[in-house]
Undergrad: 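Below: one structure in structure tokens.
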Amino acid sequence: MAADARAALLAWYDAHKRDLPWRRTRDPYAIWVSEIMCQQTRVDTVIPYYHRFLERFPTAAELAAASEDEVLGLWSGLGYYRRARLLHRGVKEVVATYGGKVPAEREARLGLPGVGKYTAGAIGSIAFDAEEPIVDGNVARVLARRHRVATPLGAKETEKRLWELAGELVKGPRPGDLNQALMELGATVCTPKNPRCEGCPVQASCGAHAAGEVDALPVPKKRKKPKLVHAVAVVATVGTPAKVWLVRGERALFGGLWSVPMVETAAPQLSLLAGPASARGEGVRSDAHADPKDAPAGRDAAFAALANVGVKARVKEKAGYVEHVLSHRHLKIDVWRAVAARGRDGLAELRAATREEVGARGFGVSRLTKKILDAALG
DNA sequence: AAAACGGGGTC
DNA sequence: GACCCAGTTTT
């Protein structure tokens, strides 16, 4: 009986739910922030970011009034920075269009940037007590097992089936808690590896458990290995105390964040060939290399990286090497040091900052940039 | 349907 | 090293 399972889920949730900060509020804006932060990110990772973010931006109006730079600064280290930019834009839209109130209408929420089917349903059910289903990774696993959905995750028919099942289950009292119970079960009991079926409130109605298929479900989607990319990054210092030249790209990797100048190169740099600084100093090469196969290597690449963004500097020596793995790229980066006269002034996408400023909480850089600075400046 | 988009925990 | 996490947008 679906009603029995539903009641069992809610009772289990009441007894076992974790005390998470966003479970202490019904503020749709705060719920929204938590849902965006939790996308593809573990709850334990999110908690400190959530506290800092809500402390600085307690209301939609205050977030809407902030600069994107500051918003990204508070997001720095969390990853998937586009989430922060879309949340910022979405909240601005809510302030401009809906008087600062997150819309109770599902269709209106779905129209907001960064709000997809999952987030719309989470806000709707948790903040507005609406019978809106959600399917995240946890719910997908729970439902795929319970109902023996054996088609691969991500396939259209699979998604359709899972959303149907979630839609049936959410109907009834406490839809928000029901949705959270499904997620909580997936996160703490119906886990990918070593699920604790003994402690599952719906074990009796689980098809996979009855069939001995728990470990075989769900069928994961194929995962591609990150593409290997070689690059050269340049830490160009200027003045005393030394500041480091930083650039910011709108659409590049780490869009909106500050980074050091970098270019993709064709091949790994042979460190044996990276000798002491030569007399060729002030290179300003204008050739941009669209295809990495045509890209320069080593010192030439360092010149190119600086020239591309208008920083005039004398390239010194290779100062380190950094690897950084993302979900879709595996970056292998030679880090070069350079000493700059100065950069172009007046460009919004170029600035210099001290090591301390960049390292401070609230500065909008990726982990990669921090690694690169560590490699170059010790 | 596939790729882009971060970073980290866990087995 | 593989897998996957309270996903959405773009191609």
Side-chain angles (χ1 to χ4, degrees), chain A residues 17-18 20-23 31-50 72 75-87 89-90 109-127 132-142 152-159 162-163 166 176-188 190-195 215 218-227 229 249 251-257 259 323-331 364-371:
Chain A
K17 68 178 176 187
R18 291 168 291 178
L20 304 177
W22 44 89
R23 287 183 176 159
I31 304 290
W32 184 5
V33 171
S34 77
E35 293 301 337
I36 300 297
M37 284 189 167
C38 282
Q39 287 171 10
Q40 300 294 290
T41 309
R42 275 163 218 283
V43 160
D44 291 339
T45 304
V46 167
I47 290 173
Y49 286 87
Y50 175 84
L72 283 170
W75 210 273
S76 177
L78 238 201
Y80 281 159
Y81 300 98
R82 190 167 53 185
R83 292 182 297 175
R85 307 176 81 183
L86 293 176
L87 170 64
R89 291 170 201 170
R109 289 195 307 271
L110 276 171
L112 295 169
V115 177
K117 213 173 166 186
Y118 164 81
T119 305
I123 298 172
S125 61
I126 297 170
E132 300 179 31
I134 61 172
V135 176
D136 73 330
N138 292 308
V139 177
R141 185 169 54 253
V142 170
L153 293 177
K156 187 176 286 185
E157 59 171 322
T158 307
E159 297 308 299
L162 293 175
W163 280 94
D177 285 344
L178 189 284
N179 281 339
Q180 294 192 80
L182 283 172
M183 291 193 286
E184 191 79 352
L185 189 66
T188 64
C190 194
T191 47
K193 305 288 178 192
N194 308 318
D215 289 330
V219 177
K221 67 177 73 174
K222 296 241 187 300
R223 201 174 302 275
K224 298 188 64 174
K225 229 188 290 187
K227 183 186 169 193
V229 172
R251 298 192 52 184
L253 194 60
F254 305 114
L257 296 185
S259 163
E323 284 197 40
H324 197 67
V325 181
L326 311 173
S327 53
H328 66 305
R329 291 286 185 275
H330 185 144
L331 307 173
V365 290
S366 67
R367 298 275 200 211
L368 172 59
T369 296
K370 292 191 176 184
K371 277 197 213 172

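All heavy atoms count here, side chains included; hydrogens, waters and symmetry mates do not. To find a chain, count down the sequence lines: A is the first, B the second, and so on, and within it residues start at 1.
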Undergrad: For R83(A) and dT8(C), is the shortest distance between a side-chain N/O and OP1 or OP2 below 4.0 Å?
TA: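 R83(A) to dT8(C) OP1/OP2: no side-chain N or O under 4.0 Å.
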Undergrad: Hey, are the side chains of L368(A) and L326(A) touching, using non-hydrogen atoms and a 4.5 Å cut-off?
TA: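 They are not in side-chain contact.
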Undergrad: Roughly, in whole Å, what's the span from OH in Y80(A) to P in dT8(C)?
TA: 12 Å
Undergrad: Between H328(A) and dA4(B), is there a contact of a side-chain N or O with OP1 or OP2 at under 4.0 Å?
TA: no
Undergrad: Any ion pair linking E159(A) and K117(A) (charged N to carboxylate O, less than 4.0 Å)?
TA: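 Looking at E159(A) together with K117(A), the answer is no, because their closest N to O distance does not fall below 4.0 Å.
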Undergrad: Which comes earlier along DNA chain B counting from the 5' end, the contact point of F254(A) or that of K224(A), where each point is its nearest nucleotide?
TA: K224(A)
Undergrad: With a 3.5 Å cut-off and heavy atoms only, can you find an N or O donor on one side and an acceptor on the other between the side chain of S327(A) and the base of dG6(B)?
TA: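 Yes.
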Undergrad: Measure from CZ on R42(A) to C1' on dC5(C) and round the result to the nearest Å.
TA: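 Rounded to the whole Å, the gap is 5 Å.
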Undergrad: Which nucleotide wins on minimum distance to the side chain of L253(A), given the candidates dG7(C), dG8(B), dC5(B)?
TA: dC5(B)
Undergrad: Look at R329(A) and dA4(B) and indicate whether a side-chain polar atom (N or O) is within less than 4.0 Å of OP1 or OP2.
TA: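 Looking at the OP1 and OP2 atoms of dA4(B), one of them is under 4.0 Å from a side-chain N or O of R329(A).
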Undergrad: Given side chains that start at C-beta, do those of R83(A) and W75(A) come closer than 4.5 Å, heavy atoms only?
TA: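 They are in contact (side-chain heavy atoms under 4.5 Å apart), so the answer is yes.
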Undergrad: Round to a whole Å and report the spacing from NZ of K221(A) to P of dG7(C).
TA: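 For the pair K221(A) NZ and dG7(C) P, the rounded distance is 11 Å.
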Undergrad: At under 4.0 Å, does any side-chain N or O of R251(A) touch on OP1 or OP2 of dT11(C)?
TA: yes
Undergrad: Is the phosphate of dT8(C) approached by T119(A) (side-chain N or O, under 4.0 Å from OP1 or OP2)?
TA: yes
Undergrad: Suppose you measure atom P in dC11(B) against the same atom in dA6(C); what distance do you get, rounded to whole Å?
TA: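 Going atom to atom, P in each nucleotide, I get 14 Å.
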Undergrad: Which comes earlier along DNA chain C counting from the 5' end, the contact point of C38(A) or that of K225(A), where each point is its nearest nucleotide?
TA: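 It is K225(A) whose nearest nucleotide is closer to the 5' end.
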Undergrad: Would you say Q39(A) places a side-chain N or O within less than 4.0 Å of OP1 or OP2 belonging to dA6(C)?
TA: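 No, no such contact exists.
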Undergrad: Using a cut-off of less than 4.0 Å, is there contact between a side-chain N or O of R223(A) and OP1 or OP2 of dC4(C)?
TA: yes
Undergrad: Look at the side-chain N and O atoms of R141(A) and state whether any lies under 4.0 Å from the OP1 or OP2 oxygen of dC5(C).
TA: yes
Undergrad: Send over the distance from E35(A) CD to dT8(C) C1', rounded to a whole Å.
TA: 14 Å
Undergrad: Write down the distance between OH (Y81(A)) and C1' (dG7(C)), rounded to a whole number of angstrom.
TA: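 Answer to the nearest Å: 17 Å.
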Undergrad: Given that G77(A) and G154(A) both sit by DNA chain B, which one's nearest nucleotide is further toward the 5' end?
TA: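 Result: G154(A).
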Undergrad: Are any of H324(A)'s side-chain N or O atoms less than 4.0 Å away from OP1 or OP2 of dG7(B)?
TA: yes
Undergrad: Rounding to an integer number of angstrom, what distance separates dC5(B) and dC4(C) when you compare their P atoms?
TA: 22 Å
Undergrad: Say you pick atom P in dG9(B) and the same atom in dT8(C); how far apart are they, in whole Å?
TA: 24 Å
Undergrad: Roughly how many Å is it from CG in N194(A) to C1' in dG9(B), rounded to a whole number?
TA: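 Rounded to whole Å, this separation is 15 Å.
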Undergrad: Between atom NZ in K156(A) and atom P in dA2(B), what is the gap in whole Å?
TA: 11 Å
Undergrad: Return the 5'-most residue of the pair P113(A), Q180(A) with respect to DNA chain C, ranking by each residue's nearest nucleotide.
TA: Q180(A)
Undergrad: Using atom CG of L185(A) as one end and atom P of dA6(C) as the other, report the distance to the nearest whole Å.
TA: 12 Å
